[in-house]
Amino acid sequence: MSFFHANQREALNQNLAELQGDINVSFEFFPPRTSEMEQTLWHSIDRLSILKPTFVSVTYGANSGERDRTHSIIKDIKERTGLDAAPHLTCIDATPEELKKIAEDYWHSGIRHIVALRGDLPPGSGKPAMYAADLVTLLKKVGDFDISVAAYPEVHPEAKSAQSDLINLKKKVEAGANRAITQFFFDVESYLRFRDRCVAAGIETEIVPGILPVSNFKQLQRFAAMTNVKVPNWMTSMFDGLDNDAETRKMVGASIAMDMVKILSREGVKDFHFYTLNRADLTYAICHTLGVRPQVAAEQTQV
């Protein structure tokens, strides 16, 4: 290792050490479909809630059954943990009147944060009647929601160009979005370039990087193919031969994510959103590296 790279490593770790308590994290979960998955979900929520995230979000598909599960879990999280719980809401397969009723129900239930998305189009469907910017506008008419929207450092798969994708993000922000959370990525430079382009376009809201700690590489490859995310060749090489070795995959995935957050924090990023896939272990370890730790432990250390 050259002195340059050794110094870079030292600088990255020293930067993290100096950021203790100055990092914000949030977590994404999805509704469980079985009792076993529900136990895993609540174990993860209980494990991660002690880190005092700024919010936690819960996804859902574009059908009423999924919405009902999301709504129930959101209310349960809020009641059990007191955390700011944010449901995902999409405008696919729902009329403006239905969306208004859903939003009003959330507002009356004390839910003040929503992740507003267009949603995935059903196969063979035509042009959607509403987009995420329209949903943001609708939500702001119902109440002064804190609204997160999606951003795509490597361009949305359906976008005509990177510029049109950026224009769409700006529309969402101008409609009232408070922050943008990115699609997961592994090319850190793509995020940094995207952040610079957002500033140049006059988008002043926070562009929160979405971090996916990888434990199942084959599953990741499927996700990436659907979402236009580049999986670098070096990642393929690192996971090669680990199909039947879950524990080593976890360690490799945690190492990759930790390197990413170190570089991003050095570049001034203070907010991170973790796609947990309802598993706490990797996310908890990465947060520990960032200096995000349980308050009780921090107080005991000071004593």
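Side-chain heavy atoms closer than 4.5 Å link hydrophobic residues (I, L, V, M, F, W, Y) into clusters, and following such links, even through other members, never connects I167 to V155. Both L83 and I50 belong to a common hydrophobic cluster when Ile, Leu, Val, Met, Phe, Trp and Tyr are linked at side-chain heavy-atom distances under 4.5 angstrom. A continuous path of Ile, Leu, Val, Met, Phe, Trp and Tyr side chains, each step under 4.5 Å between heavy atoms, connects L192 with I23, placing both in one hydrophobic cluster. Placement of V149 and Y131 in two distinct hydrophobic clusters is found when ILVMFWY residues are connected by side-chain heavy-atom separations under 4.5 Å, directly or transitively.
Contact annotation: the side chain of F239 approaches that of V252 to within less than 4.5 Å [non-hydrogen atoms, C-beta and beyond]. Between D105 and H71, some side-chain heavy-atom pair lies under the 4.5 Å cut-off. With contacts defined as side-chain heavy-atom distances shorter than 4.5 Å, the pair M130/P96 qualifies. At least one side-chain heavy atom of Y191 sits less than 4.5 Å from a side-chain heavy atom of I207. Within the 4.5 Å cutoff, the side chain of Y284 has heavy atoms near those of the P294 side chain. For the pair S44/T276, no side-chain contact is recorded, criterion being any heavy-atom separation below 4.5 Å from C-beta on. In this structure, the side chains of F217 and V231 come closer than 4.5 Å at one or more pairs of heavy atoms. Between S215 and L282 the shortest side-chain heavy-atom distance falls below 4.5 Å.
S190 places no side-chain N or O within donor-acceptor distance of the main-chain N or O of P153, the cut-off being under 3.5 Å. Between the S109 side chain and the I111 main chain, no donor and acceptor come within less than 3.5 Å of each other. Within the 3.5 Å criterion, the main-chain N or O of G210 finds a donor-acceptor partner in the side chain of T182. Judged by distance alone, with hydrogens and angles left aside, the side-chain atoms of N178 form a donor-acceptor pair with the main-chain N or O of I147 at under 3.5 Å. Counting only distance, with no hydrogens or angles, the side chain of N278 and the backbone of T40 share no donor-acceptor pair below 3.5 Å. Formation of a donor-acceptor pair under 3.5 Å by the S255 side chain with backbone atoms of M251 is not found in this model. In this structure, T289 contributes its side chain and A285 its backbone to a donor-acceptor pair below 3.5 Å. Judged purely by atom type and a 3.5 angstrom limit, S26 has no side-chain atom pairing as donor or acceptor with the backbone of T54. Using a distance-only test at 3.5 Å, with no hydrogens or angles considered, a donor-acceptor pair links the side chain of T70 to the main chain of T59. Using a distance-only test at 3.5 Å, with no hydrogens or angles considered, a donor-acceptor pair links the side chain of K140 to the main chain of F145.
Ionic pairing of R118 and E158 is present here: one or more N-O contacts between side-chain nitrogen and carboxylate oxygen are shorter than 4.0 angstrom. A salt bridge between R112 and D144 is absent, with no side-chain N of the basic residue lying under 4.0 Å from a carboxylate O of the acidic one.
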(message) One pair to check against side chain to side chain contact (heavy atoms under 4.5 Å, CB included): F194 and F185. What are the steps and the verdict?
(response) CA-CA 12 Å; F194 178 72; F185 59 90; over 6 Å; no
(request) Just do the side chain to side chain contact (heavy atoms under 4.5 Å, CB included) check on I211 and F186 with the steps written out, would you? (result) CA-CA 8 Å; I211 306 296; F186 300 101; over 6 Å; no
(request) Check the pair R293 / C287 against side chain to side chain contact (heavy atoms under 4.5 Å, CB included), numbers first and verdict last. (result) CA-CA 7 Å; R293 300 172 185 180; C287 287; over 6 Å; no
(message) Run I102 and L89 through side chain to side chain contact (heavy atoms under 4.5 Å, CB included) and show every step you take.
(response) CA-CA 9 Å; I102 293 169; L89 184 61; 3.9 Å; yes
(message) Apply ring pair (Phe, Tyr, Trp, His ring centres under 6.0 Å) to residues H113 and F55 and explain how you reach the verdict.
(response) CA-CA 8 Å; H113 189 163; F55 67 92; 4.4 Å; yes
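M37 is linked by a side-chain contact (heavy atoms from CB on, under 4.5 Å) to F30, P32, R33, T34, counting only residues two or more places apart in sequence or in another chain. Every residue two or more places apart in sequence or in another chain that forms a salt bridge (Lys or Arg N to Asp or Glu O under 4.0 Å) with K100 is listed here: E104. Judged as a ring pair (Phe, Tyr, Trp, His ring centres under 6.0 Å), and not counting sequence neighbours, the contacts of H156 are Y152.
Taking Ile, Leu, Val, Met, Phe, Trp and Tyr as members and joining any whose side-chain heavy atoms lie under 4.5 Å apart, directly or through other members, the hydrophobic cluster of L117 also contains V115.
Interatomic distance, Q221 CD to T236 OG1, rounded to the nearest 0.5 Å: 5.5 Å. Remark: L166 CG to N168 CG distance equals 9.5 Å, nearest 0.5 Å. Note: L99 CG to D134 CG = 10.5 Å, rounded to the nearest 0.5 Å. One finds the CZ atom of F27 at 9.0 Å from the OG atom of S49 (value rounded to the nearest 0.5 Å). A distance of 11.0 Å separates CG in L264 from CG in D259, rounded to the nearest 0.5 Å. How far CG of N216 is from CG of L242: 11.5 Å, rounded to the nearest 0.5 Å.
You'll find the ring centres of Y275 and H273 inside the 6.0 Å limit.
What you find for A116 and A132 is that their closest heavy atoms are O-CB, 4.2 Å. Between E154 and D187 the shortest heavy-atom distance is OE2-CB, 4.5 Å. Across every non-hydrogen atom of I286 and A257, the tightest pair is CD1-CB, 3.4 Å. Taking every heavy atom of both residues into account, A177 and T205 meet most closely at O-OG1, 4.4 Å. Minimum heavy-atom separation, I74 to P87: CD1-N, 3.4 Å.
Side chains of S148 and R179: a donor-acceptor N/O pair is present below 3.5 angstrom, by distance only.
Counting only residues at least two apart or in different chains, salt bridge (charged side-chain N to carboxylate O under 4.0 Å, His left out) contacts with residues 78-90 comprise D46-R80. The list of salt bridge (charged side-chain N to carboxylate O under 4.0 Å, His left out) pairs with a residue in residues 272-282, not counting sequence neighbours, reads K250-D281.
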